[in-house]
Every structure is written in C-alpha cells, then in structure tokens.
A.B. asks: 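Have a look at this one before I ask anything.
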Amino acid sequence: QKKYPLLSFEVGNGFKTGEISRLTNKHLSRVDSSKTRALDVDVVYVDIGGLSGSEGLLEAVSLLSSITNALEPRCIVIKSLCVRRLASSIVPFSDVWRGMKSLQKVSD
C-alpha cells in the first residue's frame, strides 16, 4: 500500500460473498460519477490457509469459483498448498501426446 497508494487493497473472507460485495461497493462509491468506466476488480490475491487434502482442494476450487462470480477479476493469484500439490502432479497434454506418438513409431 505504501508503494502503490492509489491502488485499493482489502482483506476479506472469500467464503462470505456478502462481505466481498460490501468491499466492492465501498470502492465503487468512491468512483467519480462523471467517469463512464466502472471500477473493475483487476487482480485478487487468495491465500488459502488450513485447507489440505482432497477436501481442501474442493473447497479451494469452490472458493475460487465464488470469487470469480462475485468480482469477475482479470486474474486470480492463489497461494495454496493443496492446489500446488495438484499442479505439480499434472502432466501437460503435449508431453502425453509426444509419448503416444513415439510409441506408435516404435510399433510401426
């Protein structure tokens, strides 16, 4: 906030969509009515603490969906151990495709 005093920073509970709505309305009321562009939420930073395992992953996805629907941000940055574990186990499809192609060449 010190580095970017013109940007709004808020802390809220993402599971409480009413709270998110009130934070958004608080900033919307500060927008000059002569401006035609509405205030948009550009980036949301989410720190998901205390959620782990498969249930934590489902709750994290649910939370991200809720934030997306409530704020429609351009980008969501998430800090979550359970999501990081999932992301580290995902294999890009291009790698799988190349592996399948090389197996086909060997069998031909």
Side-chain angles (χ1 to χ4, degrees):
Q1 286 177 332
K2 290 178 183 179
K3 190 173 181 179
Y4 301 101
L6 298 177
L7 293 180
S8 299
F9 293 87
E10 291 291 344
V11 176
N13 183 339
F15 287 107
K16 297 181 179 178
T17 54
E19 181 180 328
I20 292 173
S21 179
R22 283 188 292 280
L23 290 173
T24 304
N25 290 335
K26 176 176 129 180
H27 291 288
L28 283 172
S29 66
R30 285 197 256 159
V31 175
D32 185 1
S33 60
S34 65
K35 294 183 180 177
T36 57
R37 182 178 177 269
L39 178 67
D40 293 328
V41 175
D42 200 34
V43 179
V44 175
Y45 295 91
V46 180
D47 183 355
I48 299 179
L51 301 178
S52 62
S54 60
E55 288 180 15
L57 184 59
L58 294 175
E59 287 186 33
V61 170
S62 172
L63 175 61
L64 294 177
S65 177
S66 173
I67 290 171
T68 299
N69 291 328
L71 300 176
E72 298 178 345
R74 178 181 55 88
C75 175
I76 297 178
V77 178
I78 180 171
K79 177 185 163 200
S80 166
L81 181 59
C82 58
V83 173
R84 189 182 98 205
R85 286 179 182 154
L86 172 66
S88 66
S89 67
I90 294 175
V91 177
F93 182 72
S94 57
D95 293 352
V96 174
W97 182 259
R98 275 188 232 118
M100 290 171 57
K101 285 294 192 181
S102 64
L103 286 175
Q104 284 179 343
K105 287 179 184 179
V106 171
S107 65
D108 289 342

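On a predicted model such as this, the values are computed, not experimentally measured, just so you know.
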A.B. asks: Return each pair, listed once, that meets side-chain hydrogen bond (donor to acceptor under 3.5 Å, both in side chains) where at least one residue sits in residues 62-72; pairs must be two or more places apart or across chains.
C.D. replies: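 Found none.
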
A.B. asks: Closest heavy-atom contact between Ile48 and Ala60?
C.D. replies: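 Nearest heavy atoms, Ile48 then Ala60: CD1-CB, 3.5 Å.
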
A.B. asks: Between Val11 and Glu19, which heavy-atom pair has the shortest distance, and what is it?
C.D. replies: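 So the two residues come closest at O-OE2, 4.2 Å.
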
A.B. asks: For Lys3, what residues pass the side-chain contact (heavy atoms from CB on, under 4.5 Å) criterion, not counting sequence neighbours?
C.D. replies: none

A.B. asks: Restricting to side-chain contact (heavy atoms from CB on, under 4.5 Å), what partner residues turn up for Ser88, sequence neighbours left out?
C.D. replies: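 With sequence neighbours excluded, Ser88 shows a side-chain contact (heavy atoms from CB on, under 4.5 Å) to no residue whatsoever.
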
A.B. asks: Can you find a heavy atom in the side chain of Arg98 that is under 4.5 Å from one in the side chain of Lys101?
C.D. replies: no

A.B. asks: Should side-chain heavy atoms under 4.5 Å link Ile, Leu, Val, Met, Phe, Trp and Tyr, which residues sit in the same cluster as Tyr45?
C.D. replies: Val43, Val77

A.B. asks: Report the residues that fulfil side-chain hydrogen bond (donor to acceptor under 3.5 Å, both in side chains) with Arg84, sequence neighbours left out, ordered by chain and then residue number.
C.D. replies: none

A.B. asks: Closest heavy-atom contact between Ile67 and Pro73?
C.D. replies: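 Between these two residues, the closest heavy atoms are O-CD, 4.0 Å.
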
A.B. asks: Under the salt bridge (charged side-chain N to carboxylate O under 4.0 Å, His left out) test, which residues partner Lys16, sequence neighbours left out?
C.D. replies: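 By the salt bridge (charged side-chain N to carboxylate O under 4.0 Å, His left out) rule, Lys16 matches no residue at all.
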
A.B. asks: Of all heavy-atom pairs between Ser102 and Gly99, which one has the smallest distance, and what is that distance?
C.D. replies: OG-O, 2.9 Å

A.B. asks: Find out whether Glu59 and Leu63 are in side-chain contact, i.e. whether some heavy atom of one side chain is under 4.5 Å from a heavy atom of the other.
C.D. replies: no

A.B. asks: Does Leu64 have any side-chain contact (heavy atoms from CB on, under 4.5 Å) partners at least two apart in sequence or in another chain, and if so, which?
C.D. replies: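 Listed in chain order: Val46, Ile76, Ile78.
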
A.B. asks: Under the rule for side-chain contact (heavy atoms from CB on, under 4.5 Å), what residues qualify as partners of Pro92, not counting sequence neighbours?
C.D. replies: Ser94, Asp95

A.B. asks: Can you tell me how far the CG atom of Leu81 sits from the CG atom of Leu86, to the nearest 0.5 Å?
C.D. replies: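 Reported value, rounded in 0.5 Å steps: 11.5 Å.
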
